[in-house]
Amino acid sequence: MPTEAQLHQSYELAKAHYAELGVDVDRAIARLLKIAISIHCWQGDDVRGFENAGSALGGGLAVTGNYPGAARSPDELRRDFEKALTLIPGKHRINLHAIYGEFGGAKVDRTQIDVAHFSRWIDWAKSLGIGIDFNPTCFAHPRAADGFTLTHRDPAIRQFWIEHCIASRKIAAAMGAALGTAAVNNIWIPDGFKDSPVDRKTPRELLRTSLDAITADAFDTRHMLDAVEGKLFGIGTESYTAGSHEFYLGYAIKRGILLCLDAGHFHPTESIADKVSSVMCHLPEILLHVSRGVRWDSDHVVVLNDDLRATAEEIVRGDYVERVHIGLDYFDASINRVAAWTIGVRCMQKALLLALLEPIEMLRRHEISGDYTARLALLEECKTLPAGAVWDWACHSAGVPVGARWMDEVKQYERTVLSSR
Ligand code: RNT
Ligand code: ZN
């Protein structure tokens, strides 16, 4: 492993290299460390939550793997999350689902959830100086067992889920107010059909009415931001989902709320990167669910691939850093869960750093002057610039392990904490 002096030397060499291209490396690091990633709590316990409702996950979601050490309680989940935070540079956020409330063994139905059930999460987040984001949980519940929630034909079931989403908005707003940073409250529903429906219209009209009821009360956007997440298909809803991308794009624009783009929710060859600048023409802010589909919306751990890089490039090139909320959404139970968090967040950050290190002024000049040869040549040369030395220095200066050294700590944590679960 390199010494501190060697790390610094590599960094200085990289800095000189980038300076020649007009890139200020120190500025890139400073900008990177200001970007908070919303880290999904559900990687830590395979989307189980603490409701004890005994319902299967459902909703077309599937977690596979049986790696030991999943968190079994809020305290274990928080402890694991804290461990991951010590391995990731910068300050981040936690993204909670409604099923992660602390119900003290009582049966609290989804319409009954209240900010009191999240007070320990709020106190904990406050002590760490991090923000919280939130999600109503419209799956893994007897009333979602037939696959319909906000679009259910039965008005009583629809009303149940409307009330759950209203309760979630209130909780999110209270979290945002308590922590001094707006909580994004993201609605995703599984509703759809396995086989081709003859009525594609009614569920969507019902969804519109349900969403109108949910968002009827205005909240201070300094405390809570509404988001809606579309999806092309799920397991068991291969032919039709009511909450499609077009449905929510229209709804978000009409209501001036956030649209959530999940990387796994489109046709497999479709990338969310190209969508960012399109939807940002019409929306003030968006939420991303950065995920990695392998052949389908499989929610694999995010890695530094071309898709991720393209998404980060679009955020940075478009100067959208302040308007794009970056959340992660994946769940892999076949590997160490603290490592799964750490890998995904660090990769997201590497992608952002690579984008921040682009010689964008030079690239733009080539493009504007029509010199596409020079644009292509420079883009390709950028791929082998010494970004690794800059990333290592960013980690070092943020006080987190450099390179693969963080895995030593995960192994140690596995031996001392996770293995006894
Ligand atoms: C499902 C959506 C949704 C969930 C989480 C658990 O396909 O991506 O965001 O993954 O809310
Ligand atoms: Zn998602």
Side-chain angles (χ1 to χ4, degrees), residues 37-51 53 55-64 70 77 93-101 110 132-141 144 147-150 161 164-165 168 171-172 183-192 226-238 240-245 247-248 252 258-268 270 272 275 286-302 307-308 311 324-333 337 340-341 344 348:
I37 312 290
S38 182
I39 309 173
H40 55 314
C41 76
W42 51 92
Q43 167 60 62
D45 76 332
D46 315 335
V47 208
R48 285 207 188 95
F50 306 118
E51 200 181 37
S55 288
L57 185 54
L61 306 178
V63 185
T64 57
L77 188 57
R93 308 171 63 84
I94 186 160
N95 192 7
L96 296 178
H97 246 280
I99 49 172
Y100 287 81
R110 301 268 169 97
I132 305 183
D133 295 308
F134 202 64
N135 308 260
T137 310
C138 300
F139 51 84
H141 188 279
F148 292 90
T149 62
L150 293 178
W161 291 109
H164 173 56
C165 290
S168 294
I171 292 167
V184 178
N185 184 60
N186 178 52
I187 298 179
W188 171 76
I189 59 164
D191 304 31
D226 290 296
V228 284
E229 177 181 8
K231 185 168 180 171
L232 178 68
F233 77 97
I235 302 177
T237 54
E238 288 83 358
Y240 168 88
T241 57
S244 63
H245 174 59
F247 175 89
Y248 284 123
L258 278 65
L259 178 74
C260 173
L261 299 173
D262 183 308
H265 288 191
F266 295 88
H267 285 282
E270 215 174 337
I272 58 166
K275 301 181 189 304
I286 59 169
L287 168 66
L288 297 184
H289 269 190
V290 181
S291 190
R292 176 167 58 105
V294 177
R295 307 198 188 283
W296 67 290
D297 178 32
S298 59
D299 290 296
H300 277 65
V301 177
V302 163
D307 262 358
L308 188 72
T311 302
V324 175
H325 302 254
I326 306 173
L328 304 183
D329 184 14
Y330 55 78
F331 22 93
D332 186 343
R337 295 167 185 79
W341 268 324
M348 185 71 240

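Along the sequence shown, residues carry numbers from 1. Read the numbers this way: they start at 1 and go in the same order the structure lists the ligands and their atoms.
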Trp188 N/O under 3.5 Å from ligand 1 N/O: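 There is no such contact.
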
Ligand 1 contact on [X] by region, counting heavy-atom pairs under 4.0 Å:
X      : value
His40  : neither
Asn186 : neither
Asp297 : side chain

Distance from [atom] to nearest protein heavy atom, with residue and atom:
atom                   : answer
atom 6 (C) of ligand 1 : His97 NE2, 3.4 Å
atom 1 (C) of ligand 1 : Leu61 CD2, 3.4 Å
atom 7 (O) of ligand 1 : Lys231 NZ, 2.6 Å

Name of whichever N/O/S atom of Asp329 is nearest to the Zn ion (ligand 2):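 Going through the N, O and S atoms of Asp329 one by one, OD2 ends up nearest to the Zn ion (ligand 2).
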
Of the N, O or S atoms in Glu229, the one nearest the Zn ion (ligand 2):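 Closest N, O or S atom of Glu229 to the Zn ion (ligand 2): OE2.
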
Within the 6.0 Å centroid threshold, strictly below: His40 and Tyr100: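 No: the rings miss the under 6.0 Å criterion.
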
Ring-ring centroid check His97 Trp188, cutoff 6.0 Å: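 When the ring centroids of His97 and Trp188 are compared, they turn out to be at least 6.0 Å apart.
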
Side-chain H-bond candidate by donor/acceptor type, Asp329 with Trp42, under 3.5 Å: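 There is such a pair (donor and acceptor under 3.5 Å, judged by atom type) between the side chains of Asp329 and Trp42.
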
Ile272 and Phe266, any side-chain heavy atoms less than 4.5 Å apart: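 They are in side-chain contact.
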
Approximate separation, where rounding is to 0.5 Å, of Gln43 CD and Tyr330 OH: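 Result: 6.0 Å between the selected atoms.
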
